[in-house]
Amino acid sequence: MSTQTMHINGHDLKLSKVEKELFPADHVSKGDLVGHYRAVAEAMLPHLAGRPLTLRRFPDGIAGSGFFQKHAADYFPDWVRTETMKAKEGTVDYVVCDDEATLVYLANQAAIEFHVWLSTVDKPDHPDRLVIDLDPADGTPVALLRDVARRFRDLYVEVGLAPFVQATGGRGFHITAPLDRTADYDAVHDLAVGLAERLAAADPDHLTTAQRKAKRGDRVFLDCGRNRYAQTFVCPYSLRARPGAAVAAPLDWAELGRAAPDGQDPASMRRRLARKTDPWTGMDDHAASAGEAHERLLTLGD
């Protein structure tokens, strides 16, 4: 298979096996993967910058066995930024992707999915994002997911949070809010759980916060587990390693009524970014206090 060299950010990147199909059923090659990440780089990099990164790599394509990678590999070039973060046992040297050259280098390593922390390396114990994942049971109508997303939107606004929504490229939606980093992970997790439990209590036939799958039945699981130290959510504009080659897509709320969780692919995303800006641009201008939001939540009536 052929190689190709690109010059990006002052670095010569030698791409290998560019014809190799990573999504065999969709005929998406490694070269296409690199092309996608180059096309979305301008929109995606602000969501990657400064955040510890977990990669999901598939050297043999999605039909093969992939793996999650937290530790930066010894063979990564010196110019790829790494940051040492504390872990339960010892430390982990994470990649931090701040530029297009790093993004393309990682794509050439068959990194299909990019998952980021909810905090940045300069203040790792204080998240600047709150994320609740709507995780549907098989067969859940997308109309129900949209309705639940809107209920979260309204509740976020009621407690003083600015709601943002992302189609995950998988099964559900992420309902996100920017935070001012005054609260630690424990406080943010408590807020997320409080928000989810309030909605689940109002509609127990359709919504649940039960951790055990056996207890969820056919209800939508309101997953708050990402609001913990070193946990991640899929980065906006990341491809997903599943048939269809869907892309995680930040949305305007006005778009939700016709959006599906896996409704964007690389071709449609390229067209989308050519005609509109990233809906999450300027998100941090709306950062709110998790502590104040929790206090408001506790004062809401039934």
Side-chain angles (χ1 to χ4, degrees), residues 43 46-47 51 116-119 126-136 142-183 185 187-203 206-207 209 220-227 231-237 248-261 263-264 272 276-301:
H47 305 296
R51 297 182 189 277
V116 291
W117 282 27
L118 282 69
S119 55
H126 290 73
D128 63 350
R129 298 285 183 267
L130 179 148
V131 177
I132 296 177
D133 179 26
L134 309 188
D135 184 5
V142 69
L144 174 60
L145 286 178
R146 294 171 184 146
D147 181 61
V148 175
R150 293 188 188 101
R151 290 184 227 173
F152 268 113
R153 174 196 62 192
D154 295 345
L155 181 56
Y156 278 30
V157 170
E158 199 169 0
V159 300
L161 298 174
F164 290 79
V165 62
Q166 170 168 250
T168 65
R171 294 160 48 87
F173 294 100
H174 285 158
I175 315 302
T176 305
L179 303 175
D180 63 7
R181 306 200 295 180
T182 54
Y185 270 105
V188 172
H189 182 262
D190 287 348
L191 170 59
V193 170
L195 293 165
E197 287 182 342
R198 182 177 179 85
L199 286 193
D203 188 3
H206 295 110
L207 308 178
T209 58
V220 177
F221 174 44
L222 310 180
D223 184 2
C224 304
R226 285 160 175 75
N227 301 282
Q231 296 301 304
T232 63
F233 74 109
V234 67
C235 187
Y237 305 104
L251 303 171
D252 291 318
W253 282 103
E255 299 177 287
L256 183 62
R258 55 187 184 278
Q264 294 286 338
R272 175 181 173 82
K276 70 175 293 160
T277 57
D278 173 19
W280 285 16
T281 296
M283 172 187 277
D284 291 320
D285 295 338
H286 305 280
S289 163
E292 293 177 4
H294 204 180
E295 289 178 5
R296 293 191 188 99
L297 177 64
L298 294 175
T299 64
L300 295 181

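Residue numbers run from 1 in the order of the sequence given.
- Phe221 places none of its side-chain heavy atoms less than 4.5 Å from the side chain of Pro136.
- Side chains of Leu207 and Val220 form a contact here, defined as non-hydrogen atoms less than 4.5 Å apart.
- Distance check, rounded to the nearest 0.5 Å: NE2 of His174 to CD1 of Ile132 gives 11.0 Å.
- Counting all heavy atoms, side chain and backbone alike, Pro261 lies closest to Ala167 at O-CB, 3.5 Å.
- Looking only at side-chain heavy atoms (C-beta outward), Arg272 and Gln264 come within less than 4.5 Å of each other.
- Within the 4.5 Å cutoff, no side-chain heavy atoms of Thr232 are placed close to those of Arg226.
- Classification of Asp154 and Arg150 as a salt-bridged pair fails, no side-chain N sitting under 4.0 Å from a carboxylate O.
- A distance-only check finds no donor-acceptor pair linking the side chain of Tyr237 to the backbone of His47 [under 3.5 Å].
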Using the side chain to side chain contact (heavy atoms under 4.5 Å, CB included) rule, take Val131 and Ile175 through it: C-alpha gap first, then chi angles, then the decisive distance, then the call.
CA-CA 6 Å; Val131 177; Ile175 315 302; over 6 Å; no

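- Partner Leu134 forms a side-chain contact (heavy atoms from CB on, under 4.5 Å) with one of Leu145, Val165, Asp223 and no other, that one being Leu145.
- A cation-pi arrangement is found for Arg153 relative to Trp253, the charged atom lying closer than 6.0 Å to the ring centre and inside a 45° cone about the ring normal.
- You'll find the side chain of Met283 reaches within 4.5 Å of the side chain of Thr176, heavy atoms only.
- Side-chain atoms of Tyr156 do not come within 3.5 Å of backbone N or O of Arg151 as any donor-acceptor pair.
- Applying the side-chain contact (heavy atoms from CB on, under 4.5 Å) rule to Glu295 yields no partners; only residues at least two apart in sequence or on another chain are considered.
- The minimum heavy-atom distance between Leu118 and Tyr185, with the atom names listed, is C-OH, 3.6 Å.
- Side chain of Asp180 to main chain of Thr182: a donor-acceptor pair is present (N/O by atom type, distance under 3.5 Å, no hydrogens or angles).
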I'd like to know whether Lys276 forms a side chain to side chain contact (heavy atoms under 4.5 Å, CB included) with Asp252, so could you lay out the CA-CA distance, the side-chain angles of the two residues, the decisive distance to 0.1 Å, and finally the verdict.
CA-CA 11 Å; Lys276 70 175 293 160; Asp252 291 318; 2.4 Å; yes

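- You'll find the side chain of Cys224 reaches within 4.5 Å of the side chain of Val193, heavy atoms only.
- Residues passing the side-chain contact (heavy atoms from CB on, under 4.5 Å) test with Ala293 are Val159, Leu161, Leu191, sequence neighbours excluded.
- Closest approach of Ala183 and Pro127 over heavy atoms only: O-CD, 3.6 Å.
- Here the side chains of Asn227 and Gln231 are not in contact, with every heavy-atom distance at 4.5 Å or above.
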Check the pair Asp133, Phe173 against side chain to side chain contact (heavy atoms under 4.5 Å, CB included), reporting the backbone distance first and the verdict last.
CA-CA 6 Å; Asp133 179 26; Phe173 294 100; over 6 Å; no

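- The shortest side-chain heavy-atom distance between Asp190 and His294 falls under the 4.5 Å cut-off.
- The side-chain hydrogen bond (donor to acceptor under 3.5 Å, both in side chains) contacts involving residues 280-289 comprise Arg129-Asp284, where partners must be two or more places apart or lie in separate chains.
- Here the closest non-hydrogen pair linking Pro250 and Pro279 is O-CG, 3.5 Å.
- In this view, Asp128 and Arg51 satisfy the side chain to side chain donor-acceptor pair (under 3.5 Å) rule, not counting sequence neighbours.
- In this structure, the separation between CZ on Arg296 and CG on Leu155 is 12.0 Å, given to the nearest 0.5 Å.
- Using a 4.0 Å cut-off between a side-chain N of Lys or Arg and a carboxylate O of Asp or Glu, Glu255 and Arg146 do not qualify as a salt bridge.
- For Thr209, the side-chain contact (heavy atoms from CB on, under 4.5 Å) partners at least two apart in sequence or on another chain are Ala196, Glu197, Ala200, Leu222.
- Residues forming a side-chain contact (heavy atoms from CB on, under 4.5 Å) with Ala248 (at least two apart in sequence, or on another chain): Gln166, Val234.
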